[in-house]
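Worksheet: the structure to be examined is printed underneath.
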Amino acid sequence: MSRIFTWIRSHLVVLAGVLALAYLVLPNLVVLAFSFNKPQGKFNYEWSEFSTDAWTNPCGVADMCQSLSLSLQVAVLATIGATVLGTMVAFALARYRFRGRGATSAMIFLPMAMPEVVMAASLGTLFLNMRIPFGFTTILIAHIMFCLSFVVTAVKARVMSMDPRLEQAAQDLYATPVQTFLRITLPLAAPGIAAGALLSFALSFDDFIITQFNSGPTTVTFPMFVWGASQRGIPVQVNVIGTAMFIAAVALTVGGQWLGNRRKAVA
């Protein structure tokens, strides 16, 4: 028993990490398992029999793939817009001193601190007062506004940790400002920009509250479709889409980690 307790104490951090990882991954494994289920009724809550019908026909449910396509379009465009704007804001806040810098930093973090329903209702009221028709455009603007603060946070942290002497060395070697930015600044800030972009895509694709307040009658995103379908029985194809997104996210994370380790090994 003493050996067992000694081994547990020496591996306590590893065990805690494994348990936390299992706690996070377990729901995804349940979704994966039930994507191969063939339920007898409307609800896919109890295992009935193994089937690959949902995987061979993921668009077998009416309007589901249309909502998925809309969510992907909004997420990609919102990610591009939030990443570009957030990167510029992060560089301005990290590198320059100007009047109102503190107030700007505080305002940037407000979307992260306040409940989503507050921002969603505020944007919905703004669009209504400006007589802007609710639809794809209002959803996109709202998602960019929501994701912007997360990009600024990720990129700003990366920019503040960069060594300015590297850029000064490039200038001493007669590099132009454009060459310094493309060959020194941008590669150093790339991990933070990539992290902010991935976070923006995940938040935009998964968002329901802000989308619900700023969508039109014909703009139904994938989370809205799932919410509506839950009232009459979520189809198995939803599990298929969720599993595919989970596998893609894991593959992207593992691939990025592998590339990072490879670059460190080469360096």
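Bear in mind the structure is a predicted one, so any value in this text is a computation, not a measurement.
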Is it possible for you to say whether [X] and [Y] belong to one hydrophobic cluster, with membership spreading through side-chain heavy-atom contacts below 4.5 Å?
X      : Y      : answer
Ile193 : Val84  : no
Tyr23  : Leu29  : no
Met112 : Met145 : yes
Phe127 : Phe213 : yes
Val226 : Leu68  : yes

Approximate separation, where rounding is to 0.5 Å, of [X] [atom1] and [Y] [atom2]:
X      : Y      : atom1 : atom2 : answer
Leu126 : Thr138 : CG    : OG1   : 11.0 Å
Leu198 : Leu203 : CG    : CG    : 11.0 Å
Ile144 : Thr83  : CD1   : OG1   : 9.5 Å
Ser10  : Leu15  : OG    : CG    : 8.5 Å
Thr104 : Phe98  : OG1   : CZ    : 5.0 Å
Met88  : Leu93  : CE    : CG    : 12.0 Å

Just so I know, are the side chains of [X] and [Y] near enough to count as touching, which here means a heavy-atom distance under 4.5 Å?
X      : Y      : result
Val220 : Asp63  : no
Ser67  : Met224 : no
Phe222 : Leu72  : no
Glu116 : Asp207 : yes
Phe201 : Ile80  : no
Asp53  : Val236 : no
Thr221 : Phe208 : no

With a sphere of 6.0 Å drawn around [atom1] of [X], does it hold more than 12 non-hydrogen atoms of other residues, nucleotides or ligands?
X      : atom1 : result
Tyr174 : OH    : no
Glu46  : CD    : no
Met119 : CE    : yes
Glu49  : CD    : yes
Met107 : CE    : no
Met160 : CE    : no
Arg183 : CZ    : no

By ring-ring contact (aromatic ring centres under 6.0 Å, His included), which residues pair with Phe150, not counting sequence neighbours?
Phe146
How close do [X] and [Y] get, counting heavy atoms only, and between which atoms?
X      : Y      : result
Pro187 : Leu182 : CD-O, 3.3 Å
Leu188 : Met162 : CB-CE, 3.8 Å
Ala75  : Ser204 : CA-OG, 3.3 Å
Gln237 : Asn57  : NE2-O, 3.4 Å
Gly86  : Leu148 : N-CD1, 3.3 Å
Ala170 : Thr180 : CB-OG1, 4.0 Å

Checking Asp163 now: which residues fulfil salt bridge (charged side-chain N to carboxylate O under 4.0 Å, His left out) with it, not counting sequence neighbours?
Arg165
Going by the side-chain contact (heavy atoms from CB on, under 4.5 Å) test, name the single residue among Thr219, Asn214, Ile139, Thr218 that passes it with Phe134.
Asn214
Testing Val159, Val152, Thr153 one by one against Val155 for a side-chain contact (heavy atoms from CB on, under 4.5 Å), which residue passes?
Val159
Will you find, in the side chains of Gln73 and Ser69, an N or O donor that is under 3.5 Å from an N or O acceptor?
yes
When you check the side-chain N and O atoms of His143 and Thr211, is any donor under 3.5 Å from an acceptor?
yes
Take Phe205 and Val76 through the test side-chain contact (heavy atoms from CB on, under 4.5 Å) and record every step on the way to the result.
CA-CA 9 Å; Phe205 181 84; Val76 170; over 6 Å; no
With side-chain contact (heavy atoms from CB on, under 4.5 Å) as the test, would you mind laying out the steps for Asn44 and Ile234 before giving the verdict?
CA-CA 7 Å; Asn44 187 24; Ile234 299 178; over 6 Å; no
So which pairs with a foot in residues 54-83 pass ring-ring contact (aromatic ring centres under 6.0 Å, His included), sequence neighbours left out?
Phe36-Trp55
Side-chain (Arg158) to main-chain (Ala190) donor-acceptor, under 3.5 angstrom:
no
Between Thr137 and Ile141, does a side-chain contact (heavy atoms from CB on, under 4.5 Å) hold up when you go through it step by step?
CA-CA 6 Å; Thr137 303; Ile141 295 174; 3.9 Å; yes
Begin from the C-alpha positions of Leu77 and Phe136 and carry the test side-chain contact (heavy atoms from CB on, under 4.5 Å) through to its verdict.
CA-CA 11 Å; Leu77 294 177; Phe136 182 87; 3.7 Å; yes
